[in-house]
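Heads up: the structure comes next, in structure tokens.
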Amino acid sequence: MAAREHDQALFELALRMGDNALILGQRVSAWCGHAPVLEEDIALANVALDLIGQASLWLGFAGEIEGKGRSADNLAFLRADRAFRNCLLVEQPNGDFGHTLVRQFLFDAWHLPMLKALTSSSHERVAAIAAKSAKEATYHLERSEDFIIRLGDGSDESHRRMQDALDALWPFAGELTCADEIDVALAESGAGPDLVAIGAEYKDYMERTLKEATLTVGWEAPVRKGGKTGDHSEALGHILPEMQWLQRSHPGAVW
Amino acid sequence: MYAQMVKSTGEGVKSLEEMEPQERAFQERINADVKIEPKEWMPEGYRKTLIRQISQHAHSEIVGQLPEGNWITRAPTLERKMILLAKVQDEAGHGLYLYCAAETLGVSRDEMTEQLLSGKAKYSSIFNYPTLTWADIGAIGWLVDGAAIMNQVPLQRCSFGPYSRAMIRICKEESFHQRQGYDIMMKLVKGTPEQKEMAQDALNRWWWPSLMMFGPSDTDSVHSAQSMAWGIKQNSNDELRQKFVDQTVPQAEYLGLNVPDPDLKWNDERKSYDFGEVDWNEFYEVLKGNGPCNAERMAARRKAWDDGAWFREGLMAHARKKETRKMAAE
């Protein structure tokens, strides 16, 4: 791969990782003060904080590779919807607490093996950001898995709510492990992992964990995707105006 | 101050001579600055006063997440978003230690939550004001956390061990909160004319409610006299308010902002600022539930609790199932 194309692929990787963290962090942060128990207010703030921190690292790196002087904040607050590269899953609305937990679980179960694989990236910065983030993602997955099992195998109502959330969100999970040509190019250069292998690990993990949670998914359900290449659901167009509002209404101001 | 007008026994302070031996021994320990721990004997009034004060303080931290949480999704930079998230998370953490401190006195967190949601327990009046612009996040850190620190620093010396220790930890975090608030204000006053206007507008709206946080003058209050005798309260409301004004006015001057009080004047004799009278009618209206956001704050807390019932019950159901399976396996 030519150096320019390689940089372009790395830029896309950094945006995909950064935008996933940013948009999910933005969604999760909206729970602050509204969670079902105080410990969850604290835990959700913590998860959101980790994710925004990761977004800041990935987007900062994306700006450097691009070399046009855009900072992490420029990329987060002044980019248009179609230039966002997060997967569709993370932009889905918070819904009830069950939806929020299932969305997080489906994401974390991919995020951790993805980050672990990225720690062996041939690109030093990618490996370093991934190593730092993987520590946080380990804790996120532990928490998510614990809730999926306890609430899936909890009361009738908690089971029904978790199953409903899973039915609604499972179709979005496939995009996480679906490799496009950028992923393939990254894997070939050693900068990124083989998404097919991560997909196999993801499916194994899901089979085991969902069984324990007494929850089911349609393994053959059609995958809803597009976010990675900028074809988003309608949801993103409501997240960005809120998130970007101050920056856009006061051009050039320093905060 | 996150606890306002906390009622005590209302009976007036007893002298040592009037006390039974057990109570006298208790009071002598307080006078000698020895901490009282949860398992020790204490007068029922002391226990009840502390439960009221600590739970009110905890509720304030919990409700206090809402006005600031209102700006997390709109924070203008990633760093500001992280700082605000960390701050609101700290508030929830403070609520948690304070509920734990109150639990040592024999009240459960569920009972306290029920009292908050039914309107029986109060929380600080300040959280019933709206956060309308980003500058309000700066003003809350600077003024509201500043006023809270003024009150909480002496509470580190409170006679009740668990409350005193919770306060030591909380104070460290609050001073970081105040600095981040002031830093937001600094950025705004050095920014565009619109940003500076935003900062002045926030000061105009938050100044008087911040002074109200200390509560009305309590020089003649029997409740405060008893709390002072018990080492729960160290300073009068007026003393703390004066200290806050004296500390804050120079900070406003440094920012180049005007404190919205035409009567504010340096008094060279007292080496302190004279300032205008707080509108106590407004304060009592807010306490009665008629502030600008009382209804919204309580509705948000009730919704969080009610919507989360299935989550809490689901976890309990799982724990019961696990227990049954364990018993069956044994």
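Order of the sequence lines fixes the chain letters, A, B, ..., with proteins taken first and strands second; residue numbering starts at 1 for each chain.
- For chain A, the nearby part of B/Leu188 is the side chain; its heavy atoms alone come within less than 4.5 Å.
- Side-chain N or O atoms of A/His232 include none that pairs as donor or acceptor with a backbone N or O of A/Leu88 at under 3.5 Å.
- The residue among A/Leu246, A/Asp153, A/Leu49 with the most heavy atom pairs within less than 4.5 Å of chain B is A/Asp153.
- Rounding to the nearest 0.5 angstrom, the gap separating the CZ atom in A/Phe105 from the CZ atom in A/Phe147 is 13.0 Å.
- Under the 4.0 Å criterion applied to side-chain N and carboxylate O atoms, A/Arg125 and A/Glu64 are assigned as salt-bridge partners.
- Annotation: maximal heavy-atom pairing with chain B below 4.5 Å, among A/Leu22, A/Asp73, A/Leu44, A/Leu59, occurs at A/Asp73.
- Between A/Glu39 and A/Arg143, none of the side-chain N atoms (NZ, or NE/NH1/NH2) sits under 4.0 Å from a carboxylate O, so this pair counts as no salt bridge.
- For the pair B/Arg297 and B/Phe127, the NZ or CZ position fails the cation-pi test of under 6.0 Å to the six-membered ring centre and within 45 degrees of the ring normal.
- When the candidates A/Cys32, A/Ala30, A/Pro36, A/Ala35 are compared by the number of heavy-atom contacts under 4.5 Å with chain B, A/Pro36 comes out ahead.
- Shown here is B/Glu194, whose CD atom has more than 12 heavy atoms of other residues, nucleotides or ligands within 6.0 Å.
- Note: A/Ser29 leads A/Gly25, A/Ser71, A/Ser29 in heavy-atom pairs under 4.5 Å with chain B.
- Taking A/Gln26, A/His159, A/Arg27 one by one and counting their heavy-atom pairs under 4.5 Å with chain B, the maximum is reached by A/Gln26.
- Contacts with chain B were tallied for A/Met243, A/Glu242, A/Glu40; A/Glu242 has the most, counting heavy-atom pairs under 4.5 Å.
- Atom NZ of B/Lys303 has 12 or fewer heavy atoms from other residues, nucleotides or ligands within 6.0 Å.
- Of the charged side-chain nitrogens involved, none lies within less than 4.0 Å of a carboxylate oxygen, so that B/Arg179 and B/Asp183 do not count as a salt-bridged pair.
- Only the side chain of A/Trp245 comes within contact range of chain B, judged by heavy atoms closer than 4.5 Å.
- Among B/Gly314, B/Gly138, B/Ala317, B/Gly191, the residue making the largest number of heavy-atom pairs under 4.5 Å with chain A is B/Gly314.
- Ion pairing between a basic and an acidic side chain is recognised when a charged N comes within 4.0 Å of a carboxylate O; A/Arg208 and A/Glu212 show no such pairing.
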- Query: After noting the C-alpha distance and the side-chain angles of B/Tyr99 and B/His59, does the key distance pass the ring-ring contact (aromatic ring centres under 6.0 Å, His included) rule?
  - Reply: CA-CA 9 Å; B/Tyr99 282 132; B/His59 297 327; 5.6 Å; yes
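- A/His34 touches chain B through backbone and side chain together, each having a heavy atom under 4.5 Å away.
- Between the side chain of A/Asn46 and the backbone N or O of A/Ile42, no donor-acceptor pair lies under 3.5 Å.
- The part of B/Ile62 that comes within reach of chain A is its side chain, from C-beta onward, which places non-hydrogen atoms under 4.5 angstrom from that chain.
- Side-chain contact, B/Glu173 with B/His94: a donor N or O sits under 3.5 Å from an acceptor N or O.
- Looking at A/Phe77, the atoms closer than 4.5 Å to chain B (heavy atoms on both sides) all sit in the side chain, from C-beta outward.
- When each of B/Leu66, B/Leu315, B/Ile184 is checked for heavy-atom pairs under 4.5 Å with chain A, B/Leu315 comes out on top.
- With respect to A/Asp156 and A/Arg160, no salt bridge is recorded, no charged nitrogen being found less than 4.0 Å from a carboxylate O.
- Contact of B/Arg320 with chain A is not made at all, since no heavy-atom distance falls under 4.5 Å.
- Among B/Leu96, B/Thr113, B/Thr192, the residue with the largest count of heavy-atom pairs under 4.5 Å with chain A is B/Leu96.
- Looking at B/Met185, there are no atoms closer than 4.5 Å to chain A (heavy atoms on both sides), in backbone or side chain.
- Within residues 72-90 of chain B, the residues having any heavy atom less than 4.5 Å from a heavy atom of chain A are, in residue-number order, B/Ile72, B/Thr73, B/Arg74, B/Ala75, B/Pro76, B/Thr77, B/Leu78, B/Arg80, B/Lys81, B/Met82, B/Leu85, B/Ala86, B/Val88, B/Gln89.
- The most heavy-atom pairs under 4.5 Å with chain A, out of B/Arg301, B/Glu91, B/Gln195, B/Lys190, come from B/Gln195.
- A distance of 6.0 Å or more separates the ring centres of B/Trp310 and A/Phe97.
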